[in-house]
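Note sheet for the following structure.
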Number of protein chains: 2
Amino acid sequence: MAEVTLKDVARASGCSVATVSRVLAGTRPVGAETARTVREAAERLGYRPNHVARALRRRATGTVGLVLPQITNPFFPALVQELEHALHAAGRAVLLADCDDDPATEAARIAEFLDRQVDALLLIPVDERRSREAVADAARRVPVVLLDRGCGPGVADSVAVDNAAGMQLVLDHLAAAGRRRPWFVGAAGTTTTAAERRAAYEAGAAALDPEAPGRVELGDFSVAWGRAAVDRIWPSRPDAVVCANDLIAVGALQRLRQLGADVPGEVAVTGFDDVPLAGLADPALTTVRQPVTELAAEAARLLAERSADGGPSDGAGPSRAIRLAPQLLVRASG
Amino acid sequence: MAEVTLKDVARASGCSVATVSRVLAGTRPVGAETARTVREAAERLGYRPNHVARALRRRATGTVGLVLPQITNPFFPALVQELEHALHAAGRAVLLADCDDDPATEAARIAEFLDRQVDALLLIPVDERRSREAVADAARRVPVVLLDRGCGPGVADSVAVDNAAGMQLVLDHLAAAGRRRPWFVGAAGTTTTAAERRAAYEAGAAALDPEAPGRVELGDFSVAWGRAAVDRIWPSRPDAVVCANDLIAVGALQRLRQLGADVPGEVAVTGFDDVPLAGLADPALTTVRQPVTELAAEAARLLAERSADGGPSDGAGPSRAIRLAPQLLVRASG
DNA sequence: ATGCGATGGGAAATCGTTCTCCGATGTGTC
DNA sequence: GACACATCGGAGAACGATTTCCCATCGCAT
């Protein structure tokens with residue numbers, strides 16, 4: 001019942017630990033007869049390799065650290081699920097850290113994971129600027145892949161949705177629907193998602209109305225802000241409220257209904273991300289779907305490549321920034 | 001830049017690895033002067049202890065496996081967040097596994113975590129019966145704490161909300177509001193949450209109407225089922241729809257609105273769990289809040305106790321089942 | 001017969017800590 | 001002054017795997 005070790009299997013099968021290791025790991029050919037004996041003994045004793053000892057010797061834990069801003073952000077659970085599956089399929093276990101949207105905590109958790117000898121890190125940086133130093137440090141030690149949000153150019157490999165393209169999809173759709181007085185409700189933070197979506201709006205909205213790029217309100221990525229923003233912009237009667245993410249859009253939708261506005265007749269509301277909540281809102285939210293599965297798959301692939309290249313960014317080529325195409329989901333809200 | 005080890009620090013500070021280990025781990029008193037020198041050298045070289053080697057020697061990884069049915073279930077992210085924080089505060093890292101609501105996958109992930117030498121397991125079992133064997137096996141090897149859902153009596157320590165008390169809160173509230181024709185929309189699965197909530201409804205509903213305990217529809221814990229269930233029960237015009245969780249309730253709410261029902265005037269709708277979605281529904285959902293923070297804290301506490309007692313359930317006393325008091329949140333839906 | 005390469009197997013070093021012995025040096029007491 | 005005793009430090013054995021040497025054996029060609 002205690003721990004069965006290689007030594008036990010060796011004793012039971014009458015050969016050396018070296019041989020047993022070779023048979024079980026298949027690292028070198030071993031005589032057929034011996035192999036059979038060893039495998040039998042291992043089976044009979046219920047031998048299970050000790051990953052800790054293996055990690056110490058191989059200098060690889062088979063473990064990846066996943067550090068994210070806040071698991072309660074409804075966009076993340078689906079991403080975490082896909083990542084967990086993709087990494088598990090690659091034989092790696094996932095250490096999870098939630099850093100409460102705080103860059104200092106984030107830096108601490110990254111450092112802890114490095115101390116725990118993770119083979120690689122998957123990061124969703126809290127902030128583009130304030131996360132950079134910790135991320136860059138980490139990238140010097142192990143392969144790092146940034147997800148969903150960036151962290152300045154060249155710091156590490158990254159995978160994200162093409163936010164600009166997504167926003168353009170929204171604007172094109174609104175234009176085709178004849179909307180001409182959009183407002184943008186975004187986030188003031190310095191995450192790349194906030195910045196990119198806002199920049200794309202400002203760049204693309206002029207096609208609808210020369211003055212549209214100026215009609216921008218910035219708060220944070222929350223339902224509460226969506227509600228509050230509506231109170232500020234509704235007096236100027238927009239015919240579309242373009243939100244930087246679904247949470248904001250849901251808040252906007254709620255407040256507009258309270259104010260008796262007709263959505264989508266009078267005003268369209270759009271979101272971004274396609275969180276589960278979006279399809280449940282009333283009216284269901286027109287939004288931009290992020291390719292979550294592909295995001296996770298690409299991240300896992302990048303990680304595998306970097307790991308194969310033998311460690312940190314120094315060995316392999318320059319860092320790559322992968323952008324995946326978003327998809328517009330037209331629903332009832334606009 | 002490579003790895004600084006105890007040996008390096010020993011060399012640099014002119015003493016033995018044993019002494020360095022003692023100074024840094026504080027495991028035995030060491031002369032003040034020596035200690036200073038060692039600490040200085042460690043600092044100067046940027047020494048970081050290798051957790052893998054430590055784990056091998058100490059036979060403890062400082063790691064806890066968290067296995068849950070589906071992270072995308074909206075009740076779990078908040079729980080995961082609290083658990084992660086509580087465990088981190090106790091100096092333990094969290095290995096995460098999502099098992100796609102499949103008992104076989106669950107068993108496999110548990111086994112993998114044991115191979116990885118986790119010190120303990122935190123499990124939200126997929127199913128009361130079909131998870132039992134794997135859970136019981138695991139509990140024989142390391143401390144196990146079951147969360148939110150149970151797995152049969154005596155299998156392992158468990159922490160959950162008092163589902164019966166929660167359901168009774170709902171029924172009392174409905175009774176006080178004069179509702180007399182409730183229907184229950186629950187889940188047919190064999191999770192303890194499904195079973196306990198349903199049993200509590202059947203036990204308590206008779207106080208509202210002798211025939212109420214029979215008015216029960218069972219499906220699964222999903223929005224879609226909530227919608228479908230309304231189509232089946234609306235013809236008999238209940239004045240309250242008691243749902244086994246918030247997802248069902250949100251679906252019910254949606255469908256009732258589509259059918260032109262007046263909520264809460266004509267019919268009340270209640271949920272269970274208080275997921276973020278509940279407060280965002282329209283009308284906002286009356287529901288039972290689970291004490292998520294306390295749940296996580298208790299789980300962490302149990303784990304710490306069991307671990308202190310030195311290993312699996314055999315050493316310490318019988319398994320404990322902790323039930324926390326729920327709280328009724330009366331909102332607009334009933 | 002000798003040499004040579006291939007093949008299968010074992011002994012032992014190694015990974016970086018922790019921890020158990022042991023020995024050496026005081027310190028206090030009778 | 002001697003003996004018990006605490007205190008501090010070092011040497012070295014674990015922990016459980018992997019991996020590098022090295023040796024023995026065998027087949028085969030010279």
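In what follows, chains carry the letters A, B, and so on, assigned in the order in which the sequence lines appear, proteins first and then strands, with residues in each chain numbered from 1.
Of all nucleotides in DNA chain C, those with any atom nearer than 4.0 Å to a heavy atom of chain A start and finish, going 5' to 3', at C:dG8 to C:dG16.
Shown here are the side chain to side chain donor-acceptor pair (under 3.5 Å) partners of A:His85, two or more places apart in sequence or in another chain: B:Asp100. When the salt bridge (Lys or Arg N to Asp or Glu O under 4.0 Å) test is applied to B:Arg58, no partner is found at least two apart in sequence or on another chain. Shown here are the side chain to side chain contact (heavy atoms under 4.5 Å, CB included) partners of A:Ala304, two or more places apart in sequence or in another chain: there are none. With sequence neighbours excluded, the residues satisfying side chain to side chain donor-acceptor pair (under 3.5 Å) with A:Thr193 are A:Thr191.
Between B:Val67 and B:Leu122, the closest side-chain pair of non-hydrogen atoms is not below 4.5 Å.
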Run the side-chain donor-acceptor check on residues 106-116 of chain A: report pairs under 3.5 Å with partners two or more places apart or on a different chain.
from: A:Glu106; atom 1: OE1; to: A:Ser131; atom 2: OG; distance (Å): 2.5
from: A:Glu106; atom 1: OE2; to: A:Val126; atom 2: N; distance (Å): 3.0
from: A:Arg109; atom 1: NE; to: B:His88; atom 2: NE2; distance (Å): 3.3
from: A:Arg109; atom 1: NH1; to: B:Glu84; atom 2: OE2; distance (Å): 3.3
from: A:Arg109; atom 1: NH2; to: B:Glu84; atom 2: OE2; distance (Å): 2.3
from: A:Glu112; atom 1: OE1; to: B:His88; atom 2: NE2; distance (Å): 2.9
from: A:Glu112; atom 1: OE2; to: B:His88; atom 2: NE2; distance (Å): 3.0
from: A:Asp115; atom 1: OD2; to: B:Arg48; atom 2: NH1; distance (Å): 2.9
from: A:Arg116; atom 1: NH1; to: B:Thr61; atom 2: O; distance (Å): 3.1
from: A:Arg116; atom 1: NH2; to: B:Gly62; atom 2: O; distance (Å): 3.1

Can you give each donor-acceptor pair under 3.5 Å made by side-chain atoms of residues 25-34 of chain A, sequence neighbours left out, with the distance rounded to 0.1 Å?
from: A:Glu33; atom 1: OE2; to: A:Arg36; atom 2: NH2; distance (Å): 3.2

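Taking a 4.0 Å limit (strictly below) on heavy-atom distances, residues 49-60 of chain A reaches DNA chain C at A:Leu56, A:Arg57, A:Arg59. Of the residues in residues 16-33 of chain A, those lying under 4.0 Å from DNA chain D by heavy-atom distance are A:Ala18, A:Ser21, A:Arg22, A:Arg28.
Considering all non-hydrogen atoms of both residues, A:Leu24 and A:Val38 come closest at CD1-CG1, 4.0 Å.
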Requested in this report: For A:Asp98 and B:Val80, run side-chain contact (heavy atoms from CB on, under 4.5 Å): C-alpha distance rounded to whole Å, both residues' side-chain angles, the deciding distance at 0.1 Å, then the answer.
Outcome: CA-CA 9 Å; A:Asp98 174 305; B:Val80 169; over 6 Å; no
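Put simply, the side chain of A:Ser307 gets close to the backbone of A:Leu303: a donor and an acceptor are under 3.5 Å apart.
Rounded to 10°, the angle separating the first-five-pair axis and the last-five-pair axis of the helix from C:dA1-D:dT30 to C:dC30-D:dG1 equals 60°.
Within the structure, salt bridge (charged side-chain N to carboxylate O under 4.0 Å, His left out) contacts touching residues 292-302 of chain B (residues at least two apart or in different chains) are B:Glu298-B:Arg301, B:Arg301-B:Glu305. Applying the salt bridge (charged side-chain N to carboxylate O under 4.0 Å, His left out) test to every pair with at least one member in residues 119-128 of chain B, sequence neighbours left out, gives these pairs: B:Arg92-B:Asp119, B:Asp127-B:Arg130.
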